[in-house]
Amino acid sequence: MRASLLLAGLLSTIAWTPVAQAAKPTAPTKTAPAPAPAKPAPAPAKTAAEPLPERVEATWLVASQTLQVDDRDAAMRAVIAYAEQRGGWFSALSDDSVTVRVPVADLPGLLEAGKKLGTLVDKSYRSQDLSDELLQLKTRLRSRRETLSRYLAVLQTAGADSTVVIGRAIAESINEIEGIEGRIRLLSQQAEWAQATFSFRFRDRAAPSTDGSSPFAWINSLNLASILNDFRYGSGLGRSAGVTVPTPDGFAAFHRRSQYAAINPDDVKLRVRTFRHKPKADLGFWTEALRTRMLAAGYLMVAEEKIESASGQGSLLELTAPYGDEDLRYLIAVFVDGGRLVVVEAVGEASDFKAQREGITGAIRGMRF
């Protein structure tokens with residue numbers, strides 16, 4: 001717009017050319033002495049050159065978290081409120097995520113506050129160095145401004161034929177300067193305001209792989225699809241002979257052909273299976289093998305801990321994954337009992353499982369084999 005107005009003004013100055021009026025005849029007069037030659041017009045004063053730009057450290061911080069929460073709307077409101085209280089704002093909002101901008105100094109606090117809203121299942125953090133690009137832009141801006149100053153100086157003495165050409169060059173210079181200034185403002189804002197995105201639902205809704213990626217068959221049998229199908233059809237729940245499990249409150253247990261399985265009204269499922277301990281290895285080996293396979297299959301780790309049953313120490317892995325329209329929790333506990341492995345599995349929708357987790361781990365601690 002500025003360039004267009006300037007060009008219009010330049011064109012209007014050359015469109016008006018006054019026509020000399022014919023001189024009326026007058027009586028002869030004495031010839032006057034020739035006037036003294038006019039002094040040349042002083043050259044336009046030179047403006048001081050802009051100082052050379054210096055490199056200033058500037059970094060854009062971008063973070064994201066994927067959280068499992070009981071109330072997505074409440075979690076989104078809490079994130080937005082945190083940002084606004086620190087002078088920030090939300091820049092994007094959807095049913096399952098919110099993106100906010102906060103001062104760089106407040107980003108660590110925002111991420112810590114996010115972790116308290118639910119269970120953190122995924123996160124990312126990256127920084128982009130803007131220093132070199134800003135220096136290049138400021139250097140280009142200085143050069144374009146100097147070029148514009150030279151065009152304006154030439155315009156003062158340009159003839160009518162040159163004015164239009166110079167006007168176009170001035171308009172192009174102004175447009176380029178405005179573009180550079182806009183980019184500098186954007187990068188400067190990015191360096192000052194960090195960006196954080198909070199997602200409350202898995203972006204990738206694909207269920208974890210059921211293919212075997214472990215050399216041990218019993219580990220490959222551990223997956224959401226298997227346990228859900230086994231409960232649905234009431235078969236293939238596995239053997240748990242010789243294992244005594246106290247049933248958690250609110251669960252209904254059924255024993256059939258040396259099987260132990262239980263379920264509650266919220267469809268949280270629990271079962272115990274035993275496997276032949278071959279090859280023989282210690283608990284640390286099996287924990288590592290189990291962790292490696294489950295992560296490779298697409299599960300995300302929520303917690304890993306030691307757990308003590310009435311008969312010995314075991315390892316507990318709590319995992320999460322999308323399954324259809326739900327976000328599920330999948331708990332696996334493994335114990336080494338001489339010639340066999342005792343494996344406990346529990347699965348349920350994330351919020352329902354969290355409500356039953358204490359009862360399930362209590363049952364595992366009271367388990368005897």
Side-chain angles (χ1 to χ4, degrees), residues 68 115 118-121 208 214 216 218-224 226-227 230-231 237-251 253 255 258-264 266 268-278 280-297 299-321 327-369:
Q68 285 187 344
K115 294 177 184 178
T119 301
L120 179 66
V121 295
S214 171
F216 308 108
W218 73 269
I219 292 181
N220 291 327
S221 73
L222 302 175
N223 60 74
L224 287 174
S226 293
I227 188 172
D230 290 346
F231 268 86
L237 289 172
R239 292 180 57 82
S240 56
V243 180
T244 303
V245 186
T247 300
D249 290 342
F251 280 72
H255 301 266
S258 300
Q259 297 173 345
Y260 176 83
I263 190 169
N264 84 337
D266 292 324
V268 178
K269 304 171 180 67
L270 171 67
R271 75 173 174 184
V272 178
R273 294 190 290 171
T274 59
F275 297 91
R276 186 180 179 186
H277 189 191
K278 186 178 180 179
K280 294 288 185 68
D282 60 17
L283 181 63
F285 174 87
W286 291 121
T287 302
E288 178 64 25
L290 179 60
R291 181 195 311 113
T292 299
R293 188 267 171 179
M294 301 309 288
L295 295 180
Y299 295 87
L300 295 175
M301 185 71 69
V302 174
E304 180 178 346
E305 59 192 67
K306 298 294 184 183
I307 188 166
E308 190 82 23
S309 75
S311 298
Q313 188 181 71
S315 290
L316 182 151
L317 276 65
E318 185 176 347
L319 308 153
T320 186
D327 295 339
L328 300 186
R329 290 292 179 85
Y330 187 20
L331 181 148
I332 304 171
V334 59
F335 297 85
V336 176
D337 180 35
R340 64 177 180 170
L341 298 169
V342 179
V343 179
V344 183
E345 296 170 90
V347 64
E349 189 277 327
S351 58
D352 293 332
F353 180 90
K354 287 168 64 178
Q356 302 299 325
R357 189 184 192 279
E358 185 175 351
I360 292 170
T361 55
I364 296 173
R365 292 187 176 93
M367 187 172 61
R368 296 180 180 277
F369 43 84

Fill in: Counterpart residues, side-chain contact (heavy atoms from CB on, under 4.5 Å), relative to Ala355 (two or more places apart)
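For Ala355 there are no side-chain contact (heavy atoms from CB on, under 4.5 Å) partners, ignoring immediate neighbours.
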
Practice prompt. Output all residues satisfying side-chain contact (heavy atoms from CB on, under 4.5 Å) with Asp337, sequence neighbours left out; order by chain, then residue number.
Written response: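 Partners of Asp337 under the side-chain contact (heavy atoms from CB on, under 4.5 Å) test: Arg340, Val342, Phe369.
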
To the nearest 0.5 Å, how far apart are [atom1] in [X] and [atom2] in [Y]?
X	Y	atom1	atom2	value
Asn223	Glu345	CG	CD	8.5 Å
Thr320	Asp327	OG1	CG	6.0 Å
Lys306	Leu316	NZ	CG	10.5 Å
Leu328	Gln68	CG	CD	8.5 Å
Phe285	Lys280	CZ	NZ	14.0 Å
Leu341	His277	CG	NE2	4.5 Å

Discussion item. Consider side-chain contact (heavy atoms from CB on, under 4.5 Å). Of Leu270, Ile364, Thr361, which one does Pro248 pass it with?
Written reply: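 Of the listed residues Leu270, Ile364, Thr361, the side-chain contact (heavy atoms from CB on, under 4.5 Å) partner of Pro248 is Leu270.
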
Discussion item. If the test is side chain to side chain donor-acceptor pair (under 3.5 Å), which one of Thr247, Thr274, Thr244 qualifies with Tyr260?
Written reply: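 Single side chain to side chain donor-acceptor pair (under 3.5 Å) partner of Tyr260 among Thr247, Thr274, Thr244: Thr247.
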
Worksheet item: Is Lys269 salt-bridged to Asp230, cutoff N-O under 4.0 Å?
Response: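 So Lys269 does not pair with Asp230 through a salt bridge.
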
Between [X] and [Y] (side chain of the first, backbone of the second, donor and acceptor by atom type, cut-off under 3.5 Å), is there such a pair?
X	Y	answer
Ser226	Leu222	no
Glu349	Asp352	yes
Ser240	Ser258	yes

Worksheet item: Passes side chain to side chain contact (heavy atoms under 4.5 Å, CB included), Val336 versus Asp282? Steps please.
Response: CA-CA 7 Å; Val336 176; Asp282 60 17; over 6 Å; no

Worksheet entry | Plane angle bin for Phe275 and Trp218 - parallel if under 30°, tilted between 30 and 60°, otherwise perpendicular |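 The rings of Trp218 and Phe275 sit tilted, inter-plane angle from 30° to 60°.
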
Discussion item. Please verify the inter-ring angle class for Phe216 with Trp286; under 30° counts as parallel, over 60° as perpendicular, anything in between as tilted.
Written reply: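 Judged by the thresholds at 30° and 60°, the geometry between Phe216 and Trp286 is perpendicular.
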
Specify the closest pair of heavy atoms between [X] and [Y], including all atoms of both residues, with the distance to one decimal.
X	Y	answer
Ala363	Pro246	CB-O, 3.1 Å
Tyr330	Val347	CD1-CB, 4.3 Å
Phe353	Leu331	CZ-CB, 3.7 Å
Ser214	Asn220	O-ND2, 2.7 Å
Ala262	Phe231	O-CE2, 3.7 Å

Discussion item. Just by distance, no angles: are the side chains of Arg329 and Thr119 close enough, under 3.5 Å, to form a donor-acceptor pair?
Written reply: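 Side chains of Arg329 and Thr119: pair found under 3.5 Å.
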
Discussion item. Using side chain to side chain contact (heavy atoms under 4.5 Å, CB included), reason through Ile360 and Val268 one step at a time and then give a plain yes or no.
Written reply: CA-CA 10 Å; Ile360 292 170; Val268 178; 3.9 Å; yes

Fill in: CA sep, side-chain torsions, deciding dist, call: Asn264, Asp249, side chain to side chain contact (heavy atoms under 4.5 Å, CB included)
CA-CA 9 Å; Asn264 84 337; Asp249 290 342; over 6 Å; no

Worksheet item: Take atom CD in Glu288; do more than 12 heavy atoms of anything else shown fall under 6.0 Å from it?
Response: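 Result for CD/Glu288: enclosed.
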
Discussion item. Taking NZ in Lys278 as the centre, count heavy atoms belonging to other residues, nucleotides or ligands within less than 6.0 Å. Is the count above 12?
Written reply: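 Atom NZ in Lys278 is not packed in, count stays at 12 or less.
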
Fill in: Side chain proximity check, Ser311 to Phe335, heavy atoms < 4.5 angstrom
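They are not in contact (no side-chain heavy atoms under 4.5 Å apart), so the answer is no.
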
Fill in: Pairwise side-chain contact, Arg357 with Glu318, heavy-atom cut-off 4.5 Å (strictly under)
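Yes. Closest side-chain heavy atoms under 4.5 Å.
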
Worksheet item: What's the verdict on side chain to side chain contact (heavy atoms under 4.5 Å, CB included) for Arg273 and Ser221, showing C-alpha distance, side-chain angles and the deciding distance?
Response: CA-CA 11 Å; Arg273 294 190 290 171; Ser221 73; 3.3 Å; yes

